[in-house]
Amino acid sequence: MDERIRVAVLGAGGRMGATVAAAVEAAPDLELVARLDAGDDLARVAQAGVQVAVDFTVPAVTEVNVHAMVDAGVHVVVGTTGWDDAALARVRDHLADRPGVGVLVAPNFAIGAVLTMAFAARAARWFESVEIVELHHPDKVDAPSGTAAHTAHGIAQARAAAGLGPSPDATTQSLEGARGALVDGVRVHAVRLRGLTAHEEVLLGNPGEQLTLRHDSFDRTSFMPGVLLAVRRVGALPGLTVGLEHLLDL
Ligand SMILES: NC(=O)C1=CN([C@@H]2O[C@H](COP(=O)(O)OP(=O)(O)OC[C@H]3O[C@@H](n4cnc5c(N)ncnc54)[C@H](OP(=O)(O)O)[C@@H]3O)[C@@H](O)[C@H]2O)C=CC1
Ligand SMILES: O=C(O)C1=N[C@H](C(=O)O)C[C@H](O)C1
């Protein structure tokens, strides 16, 4: 009997979807049984006997896809960005009615990026100032990146737990946007530049010193070990899991 996990890729024609499809095809314990793109009927997933669907689509459709997969009893690994607390809460509620089904949403599957987020949260309480710069290819549709938002969230939680207020900033006059966007009270700056793939810097400052944490994804293959790990593990993680860090024993 074939024991391979039956996988579907949603957004299979996209930059990430095509890379994931190739990685699944190359994995001996996984079987790619469906590739879907915009306009394809999601019912094809259930018809193909899919066990795990991987969603790398666009922020506007990813939540609809996840609810459809959960209704079909299919576990889901989500890399698409654009998720906010309200959307995650709706998925959590939905999963309460579907015991045994797992959904894992991760803003970044690159191991180094996950570690950068963890290190940033760990370091945050020791620094007076912090700002995030994320740098991406210019075909990206959302800003700031999901990774930067997740990084800011972890830093904000750590600073709040340590009783730290906002980073000092005497700016009273500025052009709109010059100081970036505030995400959970943390300044985030988004760069879009041809030649880049996916990069992030976390700048932490104290009087007389600075710590810079930087991660670079030079190629989309950097995300594949994390995606495949999630595909293999999501079936044993009922309910909603947010972030690959929960699978890395950090
Ligand atoms: N978590 C992580 O580690 C990473 C996350 N990402 C995120 O993944 C997402 C995709 O990125 P990327 O691959 O670069 O984007 P692309 O635009 O290259 O790919 C998106 C794909 O989704 C397709 N699509 C659109 N609507 C649907 C639908 N309803 N059902 C199925 N497919 C659909 C698009 O088709 P069409 O073009 O025909 O509309 C396109 O092929 C983004 O949110 C990005 O931020 C990216 C890299 C890593
Ligand atoms: O669109 C991308 O390319 C990426 N998107 C994710 C994000 O928004 O954080 C992950 C990675 O940065 C690449």
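Just follow the structure's listing: the first ligand is 1, and inside any ligand the first atom is 1. Counting begins at 1 with the first residue of the sequence.
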Task: Heteroatom distance test (Gly146, ligand 2): nitrogen or oxygen, under 3.5 angstrom - done: yes

Task: Closest non-hydrogen atom pair between Ala230 and Leu104, with its separation - done: CB-CD2, 4.2 Å

Open item on the list: Using a 4.0 Å cut-off to any heavy atom of Asn108, which atoms of ligand 2 qualify?
Closed with: 10 (C), 11 (C), 12 (O)

Task: For Ser145, atoms of ligand 2 separated by under 4.0 Å from a heavy atom - done: 7 (C), 8 (O), 9 (O)

- [ ] For Ala198, counting its heavy atoms only, list the atoms of ligand 2 lying under 4.0 Å from any of them.
- [x] 11 (C), 12 (O), 13 (C)

Task: Pair Glu200-Arg214, salt bridge (Lys or Arg N to Asp or Glu O under 4.0 Å): steps then yes or no - done: CA-CA 6 Å; Glu200 180 176 84; Arg214 178 169 175 122; over 6 Å; no

Open item on the list: Return the closest protein heavy atom for atom 4 (C) of ligand 1 as residue, atom name and distance.
Closed with: Phe56 CE2, 3.6 Å

Open item on the list: Would you call the rings of His94 and His67 parallel, tilted or perpendicular, taking 30° and 60° as the class edges?
Closed with: parallel

- [ ] Verify whether one side chain among Ser167 and Ser129 offers a donor that lies under 3.5 Å from an acceptor in the other.
- [x] no

Open item on the list: Using a 3.5 Å cut-off on N or O atoms only, is Gly14 in polar contact with ligand 1?
Closed with: yes

TODO: Check whether any protein heavy atom sits under 4.0 Å from atom 17 (O) of ligand 1.
DONE: yes

Open item on the list: Between ligand 1 and Gly79, is the shortest N or O to N or O distance under 3.5 Å?
Closed with: yes

TODO: Establish, from distance only, whether the side-chain atoms of Glu131 and His189 form a donor-acceptor pair under 3.5 Å.
DONE: yes

TODO: Specify the protein heavy atom at minimum distance from atom 12 (O) of ligand 2: its residue, its atom name, and the distance to 0.1 Å.
DONE: His136 NE2, 2.6 Å

Open item on the list: For atom 31 (C) of ligand 1, what is the closest protein heavy atom, and at what distance to 0.1 Å?
Closed with: Asp37 C, 3.4 Å

Task: Test log, rule side chain to side chain contact (heavy atoms under 4.5 Å, CB included), inputs Val186 and Ile132 - done: CA-CA 8 Å; Val186 178; Ile132 298 170; 4.0 Å; yes

Task: Glu63 to Trp83 - nearest heavy-atom pair and separation - done: CA-CH2, 3.6 Å

Open item on the list: Just to confirm my output: which protein heavy-atom neighbour is closest to atom 46 (C) of ligand 1, and how far is it?
Closed with: Met16 CG, 3.5 Å

Task: Shortest non-hydrogen separation from Val50 to Ala53 and the atoms involved - done: CG1-N, 4.1 Å

Task: Basic-acidic side-chain contact under 4.0 Å: Arg192, Glu134 - done: yes

Open item on the list: Give me the nearest non-hydrogen protein atom to atom 9 (C) of ligand 1 as residue plus atom name, then the distance to 0.1 Å.
Closed with: Thr57 O, 3.5 Å

Open item on the list: Looking at every non-hydrogen atom in both residues, tell me the closest pair between Val231 and Val52 and how far apart they are.
Closed with: O-CG2, 3.9 Å

- [ ] Could you check atom 10 (C) of ligand 2 against the protein and tell me its nearest heavy-atom contact, residue, atom and distance included?
- [x] Pro107 O, 3.3 Å

- [ ] Would you kindly specify which portion of Arg15 sits under 4.0 Å from ligand 2, judged on non-hydrogen atoms: side chain, backbone, both or neither?
- [x] neither

Task: Heavy-atom proximity to atom 3 (O) of ligand 2, best of His137, Lys140, Glu134 - done: His137

Task: For Pro107, atoms of ligand 1 separated by under 4.0 Å from a heavy atom - done: 1 (N), 2 (C), 3 (O)

Open item on the list: Once you restrict to heavy atoms under 4.0 Å, what part of Phe223 touches ligand 1? Side chain, backbone, both or neither.
Closed with: side chain

Open item on the list: Can you give me the closest heavy-atom contact between Ala123 and Leu211, atom names plus distance?
Closed with: CB-CD2, 4.1 Å

Open item on the list: Taking distance alone, with N or O pairs closer than 3.5 Å, would you say Ala106 contacts ligand 1?
Closed with: yes

Task: atom 45 (O) of ligand 1: the protein heavy-atom neighbour that sits closest, reported with distance to 0.1 Å - done: Lys140 NZ, 2.9 Å

TODO: Classify the contact between Ala110 and ligand 1 as side chain, backbone, both or neither, using a heavy-atom distance cut-off of under 4.0 Å.
DONE: neither

- [ ] Run the numbers for me: atoms of ligand 1, each under 4.0 Å from some heavy atom of Gly13, listed by number.
- [x] 41 (O)

Open item on the list: Quick check on Asp85: does its CG atom have over 12 non-hydrogen neighbours (other residues, nucleotides or ligands) under 6.0 Å away?
Closed with: no

Task: Element-labelled atoms of ligand 2 that are located less than 4.0 Å from some non-hydrogen atom of Thr81 - done: 6 (C), 7 (C), 8 (O)

Open item on the list: Polar contacts were defined as any N/O atom of the residue lying under 3.5 Å from an N/O atom of the ligand; does this apply to Leu10 and ligand 1?
Closed with: no

Task: More than 12 heavy atoms from other groups under 6.0 Å of CZ on Arg122 - done: no

Task: Non-hydrogen atoms of Lys140 and Asp142 that approach each other most closely - done: NZ-OD1, 2.8 Å

Task: ligand 1 atoms in contact with Val61 (distance to a heavy atom under 4.0 Å) - done: 26 (N), 27 (C), 28 (C), 29 (N)

Open item on the list: I'd like to know if Glu25 pairs up with Arg35 as an ion pair, taking the criterion as any Lys NZ or Arg NE/NH1/NH2 lying under 4.0 Å from an Asp or Glu carboxylate oxygen.
Closed with: yes

TODO: Determine whether the side chain, the backbone, both or neither of Thr147 has a heavy atom under 4.0 Å from any heavy atom of ligand 2.
DONE: both

Open item on the list: For the 3.5 Å polar cut-off, considering only N or O atoms, please tell me whether Arg220 and ligand 1 meet it.
Closed with: no

Task: Within 6.0 angstrom of Asp2 CG, more than 12 heavy atoms from elsewhere - done: yes

Open item on the list: Among all protein heavy atoms in this structure, tell me which lies nearest to atom 42 (C) of ligand 1, with the distance rounded to 0.1 Å.
Closed with: Thr81 OG1, 3.9 Å

- [ ] Do me a favour and list the nearest non-hydrogen protein atom to atom 14 (O) of ligand 1 with residue, atom name and distance?
- [x] Arg15 NE, 2.9 Å

Task: Donor-acceptor contact below 3.5 Å, side chain His137 vs main chain Arg194 - done: no

TODO: List the closest protein heavy-atom neighbour of atom 36 (P) of ligand 1: residue, atom name, distance to the nearest 0.1 Å.
DONE: Ala38 CB, 4.3 Å

